[in-house]
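Let me begin by presenting the structure, written as structure tokens, before commenting on it.
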Amino acid sequence: MARVSQEHLDARRRQIIDGAARCFARNGFHATSMQDVLKEVGLSAGAVYRYFRGKEELIAAIVGEVLEWIQVTFEAAAEETPPPPPDELIGRALTQVLGRRPGVGEGEASYLPRLIVQVWAETLRNEELAEVIRQGYAKVRAAWVKIVEGYQAAGMMRGDVPADHVARMMIAAAQGFVAQLALFDEVPVDALRDGLRGLMSMGVSKPA
């Protein structure tokens, strides 16, 4: 029997995750069955169950992947001296994360915001998923705290406010924007960037 390459195994796993994510974003976790996933990816039950034992494992894999994208984006920004200002940084991060669009073809809208909002709701009833989210959030928050400390060290931000408090507020801005994308309309990331820039300008004299 010919050995299956790791590249092939990775590609098959990618195919399954992308198809499942499309199904979950379209119909929600509870309305999506494993049969729906099998139909979406065009694979047999045996081929899919080789990688994932069920919906719970698929959901955890998708969530872990999205959290990793976010963490890597901000860890890279934290290495810049000084870090880019908040409006630029959050705009860049959202553009990069939403632009990953796993399994989505050119010209198609990203389903990621809808999927993220559904994940948040699912954590209220699924303790295992909630733990995945908590661990991922802790890593992301640590990266953002490092960025804020970089702002403070460079004199870009007042230093009498705890860095963790600022980091939480920056995360909340990104989360709120994702919720708007999922629930209302396709707001361009530039709107968030401009809005943050406007808030940051309070107390700054207008140019003559």
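Predicted model only: the values in this text are computed from it and were never measured.
The closest side-chain heavy-atom distance from Ile16 to Arg13 is not below 4.5 Å.
Residues passing the side-chain hydrogen bond (donor to acceptor under 3.5 Å, both in side chains) test with Glu79, sequence neighbours excluded: Lys146. Listed by chain and number, the residues in a side-chain hydrogen bond (donor to acceptor under 3.5 Å, both in side chains) with Glu127 are Arg134 (sequence neighbours excluded). Every residue two or more places apart in sequence or in another chain that forms a side-chain contact (heavy atoms from CB on, under 4.5 Å) with Glu68 is listed here: Val72. Shown here are the side-chain contact (heavy atoms from CB on, under 4.5 Å) partners of Tyr137, two or more places apart in sequence or in another chain: Arg141, Arg168, Ile171.
A donor-acceptor pair under 3.5 Å is formed between the side chain of Gln152 and the backbone N or O of Val161. Of the possible polar contacts, none joining the Glu149 side chain to the Ala163 backbone as a donor-acceptor pair under 3.5 Å is found.
Of all heavy-atom pairs spanning Pro85 and Met200, the tightest one is CB-CE, 4.4 Å. When all heavy atoms of Ala173 and Leu196 are compared, the pair lying nearest together is CB-CD2, 4.4 Å. Contact detail for Met170 and Leu89: the closest heavy-atom pair is CE-CD2, 4.2 Å. For Ser44 against Leu38, the heavy-atom pair with the smallest separation is O-CD2, 3.7 Å.
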What side-chain donor-acceptor pairs closer than 3.5 Å can you find for residues 115-124, not counting sequence neighbours?
unit_1 : atom_1 : unit_2 : atom_2 : d
Gln118 : OE1    : Gly28  : N      : 3.3
Gln118 : NE2    : Phe24  : O      : 3.3
Gln118 : NE2    : Ala25  : O      : 3.2
Glu122 : OE1    : His30  : NE2    : 3.0
Glu122 : OE2    : Arg125 : NH1    : 2.4
Thr123 : OG1    : Trp120 : O      : 2.6

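Under the 4.5 Å side-chain heavy-atom criterion for ILVMFWY residues, a single connected hydrophobic cluster contains both Leu9 and Val48. One hydrophobic cluster, built from ILVMFWY side chains closer than 4.5 Å, holds both Ile147 and Val166. Note on Ile90: it does not cluster hydrophobically with Met169, by side-chain heavy-atom contacts below 4.5 Å among ILVMFWY residues.
Interatomic distance, Asn27 CG to Glu40 CD, rounded to the nearest 0.5 Å: 9.5 Å. For the atom pair Ile62 CD1 and Ile17 CD1, the distance stands at 6.5 Å (nearest 0.5 Å). Distance SG/Cys23 to CE/Met34: 9.5 Å, rounded to 0.5 Å. The distance from the CZ atom of Phe52 to the CD1 atom of Ile59 is 11.5 Å, given to the nearest 0.5 Å. Rounded to the nearest 0.5 angstrom, Leu94 CG and Leu181 CG are separated by 8.0 Å. Here CG of Asn126 is found 11.5 Å from CD of Glu131. Values are rounded to the nearest 0.5 Å.
More than 12 heavy atoms of other shown residues, nucleotides or ligands fall within 6.0 angstrom of atom CZ in Arg197.
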| task | Go through the steps for Gln180 and Leu192 under the test side chain to side chain contact (heavy atoms under 4.5 Å, CB included), then give the verdict. | result | CA-CA 11 Å; Gln180 287 188 38; Leu192 175 64; over 6 Å; no
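Counting only residues at least two apart or on different chains, no ring-ring contact (aromatic ring centres under 6.0 Å, His included) pair has a member in residues 149-195.
Contact check on Lys39 versus Asp36 returns no salt bridge, with no Lys/Arg side-chain nitrogen under 4.0 Å from an Asp/Glu carboxylate oxygen.
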